[in-house]
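A short worksheet on the structure shown next.
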Amino acid sequence: MRFRVSQELRQSVGTEFSMELRERRLFLDDEAALSDLRGSAHMLRTDRGLLVTVHARGRVQGTCSRCLTAVRSPIEVDFQEEFIPVVDPVSGAHISAAEAEDSFVIDADLMLDLGEALRQYTLMSSPSKPLCRPDCAGLCPTCGANLNQDPCSCQSPGDERWRALAALKRENQKGN
Ligand SMILES: [Zn+2]
Ligand SMILES: [Zn+2]
C-alpha cells in the first residue's frame, strides 16, 4: 500500500487530497490477514508532512482460538495519523530523526506506506481471541476431534465421576 506523495508534499500547507484504497490481501501477522480492503485515504498537507485520515473496511481472516478453523470477520478500520517525510521534498535534505520519532514516516523516495499503519490499527480493533461462533465447543483435549462437528468417544475424568455418582443414586433409589 505505497503511494508516491512527492507532488502532494510540494503543495502549500492546508492543501487536501484524497485517494481510493483497494487491497486484496494484507498480512497482519503469522496467522491473520486483512482481505478485500476498500476505503479512502484523505490527506492534508501540514507544516510537518501529511495528516492522513483513513476510513476502510474489509475482512479479517484468522483462526478460531478454540477449534482452529478459519474465521472471517468483517472489520472497519478508521484512523488518523501524521506521516512525516525523512527528507525535505524540495531540497532533498534529511530532516532530523527526532522530528519523525513516534510518527509514521515517508521514506527518502517520498513514498508513503499505509501498510504498517493499517496493520497496527486492524490488529488493535480485531478480537484477540476470535471465535468461529460464540458457543464454539473447541477441540477434544484427548483426541483433538473438533467437537462442533462430531462428539468423540473420549470421556473426561469429570464425566466419569458424575456417571459414578449417578449410578450410585440409581442404586440407592432401587434400595428404597
Ligand atoms: Zn471454533
Ligand atoms: Zn476425544
Side-chain angles (χ1 to χ4, degrees), residues 1-5 18-43 50-84 100-107 111-176:
M1 293 230 95
R2 282 156 59 84
F3 302 93
R4 183 171 294 285
V5 290
S18 47
M19 49 185 77
E20 200 184 343
L21 298 180
R22 253 163 206 262
E23 186 83 2
R24 287 277 305 280
R25 204 169 169 77
L26 184 77
F27 285 95
L28 301 172
D29 57 25
D30 293 345
E31 290 176 358
L34 177 62
S35 63
D36 302 325
L37 178 84
R38 274 157 192 260
S40 65
H42 182 265
M43 300 189 184
L50 291 169
L51 183 66
V52 181
T53 309
V54 166
H55 295 293
R57 54 181 62 207
R59 273 180 303 188
V60 171
Q61 292 174 292
T63 48
C64 173
S65 59
R66 286 188 201 152
C67 73
L68 308 179
T69 56
V71 183
R72 285 162 150 245
S73 28
I75 192 164
E76 287 187 25
V77 191
D78 298 300
F79 65 87
Q80 188 171 65
E81 282 288 343
E82 191 172 24
F83 285 71
I84 314 286
E101 212 175 329
D102 298 330
S103 300
F104 288 100
V105 298
I106 299 169
D107 70 14
M111 297 292 286
L112 186 156
D113 188 355
L114 274 182
E116 179 57 22
L118 274 169
R119 196 184 73 81
Q120 289 182 16
Y121 280 94
T122 305
L123 284 174
M124 257 188 264
S125 43
S126 311
S128 57
K129 290 186 183 296
L131 292 175
C132 60
R133 57 186 209 213
D135 61 342
C136 171
L139 302 177
C140 168
T142 309
C143 72
N146 185 336
L147 300 176
N148 297 314
Q149 284 156 15
D150 50 347
C152 61
S153 50
C154 306
Q155 290 153 9
S156 69
D159 286 346
E160 283 187 18
R161 273 203 300 274
W162 282 114
R163 220 181 296 273
L165 211 65
L168 212 67
K169 210 173 160 194
R170 271 200 303 277
E171 287 300 311
N172 287 344
Q173 276 164 354
K174 246 184 262 170
N176 295 341

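We count ligands from 1, going down the list as the structure has it; atoms in each ligand are counted the same way.
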Non-hydrogen side-chain atoms of Tyr121 and Leu114 separated by less than 4.5 Å: no
2.8 Å cut-off (strict), protein N, O or S atoms about the Zn ion (ligand 1): 4
Cys140 atom SG and Cys143 atom SG as seen from the Zn ion (ligand 2), angle to 10 degrees: 110°
Minimal non-hydrogen separation, Phe104 against Gln120, with atom names: CZ-OE1, 3.7 Å
Side-chain donor or acceptor of Arg119 paired with backbone N/O of Leu28 under 3.5 Å: yes
Non-hydrogen atoms of Asp78 and Ala56 that approach each other most closely: OD1-N, 4.0 Å
From CE (Met43) to OG1 (Thr53), nearest 0.5 Å: 9.5 Å
Stepwise side chain to side chain contact (heavy atoms under 4.5 Å, CB included) check, Asn148 with Cys136: CA-CA 7 Å; Asn148 297 314; Cys136 171; 3.4 Å; yes
